[in-house]
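Residue numbers begin at 1 in each chain, while the letters A, B, ... track the order of the sequences. What you are looking at is a predicted structure, and each value in this text was computed from that prediction instead of being measured.
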2 protein chains.
Amino acid sequence: MTGQVRTVDGRVAGRRGQATRQKLLDCLSEMLSSSPYRDVKVIDVARKAGTSPATFYQYFPDVEGAVLEIAEQMAAEGAGLTELLAGRSWVGKSGWQTSQELVDGFLEFWRKNDAILRVVDLGAAEGDKRFYKIRMKILNSVNNSLADAVAELQAKGKVDKDVNPAAVAGSIVAMLAAVASHQKGFQTWGVKQAELKPNLALLVHLGVTGKKPTK
Amino acid sequence: MTGQVRTVDGRVAGRRGQATRQKLLDCLSEMLSSSPYRDVKVIDVARKAGTSPATFYQYFPDVEGAVLEIAEQMAAEGAGLTELLAGRSWVGKSGWQTSQELVDGFLEFWRKNDAILRVVDLGAAEGDKRFYKIRMKILNSVNNSLADAVAELQAKGKVDKDVNPAAVAGSIVAMLAAVASHQKGFQTWGVKQAELKPNLALLVHLGVTGKKPTK
DNA sequence: ACTTGTCCTGTCATGCCGTCAGCTTACCGA
DNA sequence: TCGGTAAGCTGACGGCATGACAGGACAAGT
């Protein structure tokens with residue numbers, strides 16, 4: 001029951017309209033990858049989509065509105081990140097594997113959607129609740145699972161009592177997101193992609209379990 | 001020897017000119033805190049500074065150019081973050097203290113400069129080398145110290161050999177930066193500022209030494 | 001008072017924004 | 001088949017930001 005897709009002035013969009021709308025979104029997505037967010041103009045998106053600016057405004061209130069739409073679509077996919085953690089173990093060798101796969105999946109997802117995620121991150125940091133919510137939606141899936149894992153280990157006495165599972169999980173997730181969006185940066189620091197992953201996985205494992213992984 | 005401050009058309013700026021220039025920078029700084037980066041317009045900055053857009057363009061090529069200037073100033077201050085780590089120990093109780101003070105200082109610095117740091121982060125993520133360099137300048141001070149600390153512990157055999165100091169240090173620094181810029185976010189996750197810090201410090205300590213701190 | 005170089009702004013061409021009226025196209029029922 | 005209705009698109013327009021320039025205001029030294 002998401003309701004039908006509607007134009008700004010309230011008409012319901014038909015087949016053709018939806019196609020145009022999607023084309024505009026696709027073109028916007030491309031533009032976000034190739035030029036700074038600040039310089040993305042409605043007219044450029046429209047031109048790229050082979051239509052006119054007026055058409056753009058029929059479907060979106062402004063660039064930001066369209067960006068939110070793209071972000072929403074991505075967030076829906078991003079919910080799949082939960083599977084990286086569902087039912088996984090954090091003890092012994094399988095704990096190390098869980099950690100590695102989480103890092104792998106996370107970095108991959110971020111790499112695929114880096115342009116839009118940059119903008120979402122900015123919006124969230126600027127305090128825009130709409131972007132903030134989307135960021136939460138993506139990170140929550142991972143965050144909650146991690147927090148649960150920590151809490152569980154804590155209940156078994158394997159993790160100190162004064163640890164706050166939510167704080168630790170949140171920090172780890174933030175780290176993953178930050179490293180992912182500055183992946184290129186590490187190369188300039190003399191750290192190769194392939195080297196980065198296991199070290200990141202190590203930090204994740206340490207954070208969750210408080211112990212070095214058994215490899 | 002940074003050379004004198006110059007206008008866009010090559011004149012050297014005198015006392016009065018420098019004052020106006022600085023006022024424009026200050027106003028821009030304020031605007032960045034109060035409105036989204038994308039919506040910051042030259043005309044608004046000029047109005048706020050009680051001058052005209054033409055004056056702005058005399059000193060800066062565009063908004064981005066002025067932002068770089070502000071960022072540069074901040075980066076100079078940020079170099080002081082090194083002191084949070086210079087000559088500190090990572091063993092025993094003092095290790096725990098080092099970790100705590102690092103987190104404290106880092107979050108504080110970020111909180112003070114959050115608006116401009118947001119923009120720098122975005123610019124860097126978008127691949128703009130000028131922003132990237134500034135981000136490095138700030139983080140390098142901390143990053144290098146951390147990497148050294150890890151390498152040292154590694155030489156003493158207290159940290160596994162297959163750990164890459166640069167990768168670990170970079171990831172930790174990225175975590176600090178990310179958590180700092182989304183501090184508000186944690187509150188919505190039910191994590192209070194005061195709770196966040198020790199948990200973050202714990203993660204830092206774990207990452208650097210591989211062991212839980214002795215408190 | 002006059003000169004000199006700094007500093008600021010009025011003005012202008014250009015281009016994007018965001019809206020509207022109006023035209024074209026697709027769909028549907030009679 | 002035909003006409004009605006709603007969807008879909010665009011040209012055109014006022015408004016505003018951009019960025020450049022030339023000329024006027026101002027301070028400081030002579």
Side-chain angles (χ1 to χ4, degrees), chain A residues 2-28 30-32 34-70 119 123 128 130, chain B residues 3-32 34-70 119 123:
Chain A
T2 62
Q4 290 156 314
V5 179
R6 286 182 174 276
T7 58
V8 166
D9 56 336
R11 278 205 302 280
V12 289
R15 201 170 297 138
R16 190 158 158 238
Q18 296 215 16
T20 315
R21 204 182 117 102
Q22 191 56 49
K23 182 159 199 178
L24 284 168
L25 287 178
D26 292 344
C27 290
L28 172 55
E30 269 187 65
M31 302 235 55
L32 285 176
S34 59
S35 44
Y37 181 44
R38 201 168 194 285
D39 298 340
V40 172
K41 308 288 179 194
V42 169
I43 199 170
D44 295 323
V45 178
R47 257 202 284 267
K48 201 179 180 87
T51 177
S52 82
T55 302
F56 181 96
Y57 286 107
Q58 201 160 40
Y59 295 105
F60 311 103
D62 49 23
V63 171
E64 210 186 48
V67 165
L68 276 166
E69 195 76 17
I70 298 177
V119 180
D128 186 312
R130 298 165 304 169
Chain B
Q4 290 157 318
V5 178
R6 287 181 174 276
T7 58
V8 166
D9 54 336
R11 274 206 308 283
V12 287
R15 202 169 295 140
R16 190 150 77 108
Q18 296 214 16
T20 320
R21 202 183 118 101
Q22 191 56 51
K23 183 158 198 177
L24 283 167
L25 286 178
D26 292 344
C27 290
L28 172 54
S29 224
E30 270 189 64
M31 300 237 54
L32 285 176
S34 59
S35 43
Y37 180 45
R38 204 168 192 283
D39 299 340
V40 172
K41 306 289 178 194
V42 168
I43 197 168
D44 296 322
V45 177
R47 255 202 287 267
K48 199 178 183 89
T51 178
S52 81
T55 302
F56 182 96
Y57 285 108
Q58 201 158 40
Y59 295 106
F60 312 103
D62 49 24
V63 172
E64 210 187 49
V67 165
L68 275 167
E69 196 76 17
I70 298 177
V119 181

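- For the side chain to side chain contact (heavy atoms under 4.5 Å, CB included) with B:V45, the qualifying choice from B:L32, B:D26, B:L24 is B:L24, the only one to do so.
- Judged by closest nucleotide on DNA chain C, B:R21 is the one of B:R21 and B:R38 placed further toward the 5' end.
- Between the side chain of A:R130 and the backbone N or O of A:G123 there is no donor-acceptor pair closer than 3.5 Å.
- The phosphate of C:dC20 has neither OP1 nor OP2 within less than 4.0 Å of any side-chain N or O from A:Y57.
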Atom pairs, N/O to N/O, protein against nucleotides 10-13 of chain D, distance under 3.5 Å?
residue, atom, partner, partner atom, Å
D:dT10, OP2, A:T51, OG1, 2.6
D:dT10, OP2, A:S52, N, 3.2
D:dT10, OP2, A:T55, OG1, 3.1

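- Following rounding to the nearest Å, A:F60 (CZ) and D:dG8 (P) show an atom-to-atom distance of 13 Å.
- The distance from atom CZ of A:R16 to atom C1' of D:dG8 is 5 Å, rounded to the nearest whole Å.
- In terms of modelled atom types and a separation under 3.5 Å, the side chain of B:S35 and the main chain of B:D39 share no donor-acceptor contact.
- Rounded to an integer number of Å, the gap from B:Y59 OH to D:dT18 P is 19 Å.
- For B:R21, the salt bridge (Lys or Arg N to Asp or Glu O under 4.0 Å) partners two or more places apart in sequence, or in a different chain, are B:E69.
- Taking 4.5 Å as the limit, some side-chain heavy atom of B:V67 sits within range of a side-chain heavy atom of B:Y37.
- The interatomic distance linking A:Q18 (CD) with D:dC9 (C1') rounds to 17 Å, in whole Å.
- Of the candidate nucleotides D:dG8, C:dC8, C:dC27, D:dG8 has the atom lying nearest to any side-chain atom of A:A13.
- The CG-P distance, from A:D9 to D:dA7, rounds to 9 Å in whole Å.
- The distance between atom CD1 of A:I43 and atom P of C:dC16, rounded to the nearest whole Å, is 5 Å.
- One atom, NZ of A:K23, and another, C1' of D:dC9, lie 14 Å apart when rounded to the nearest Å.
- Dashed line: the shortest gap from a side-chain N or O of B:T20 to OP1 or OP2 of C:dC8 is under 4.0 Å.
- Salt-bridge annotation for B:E64 and A:R38: absent, with no side-chain N of the basic residue lying under 4.0 Å from a carboxylate O of the acidic one.
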Verdict with supporting geometry, A:Y57 and A:V8, side-chain contact (heavy atoms from CB on, under 4.5 Å)
CA-CA 7 Å; A:Y57 286 107; A:V8 166; over 6 Å; no
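- Between the CZ atom of B:R47 and the P atom of C:dT9 there is a distance of 14 Å, given to the nearest Å.
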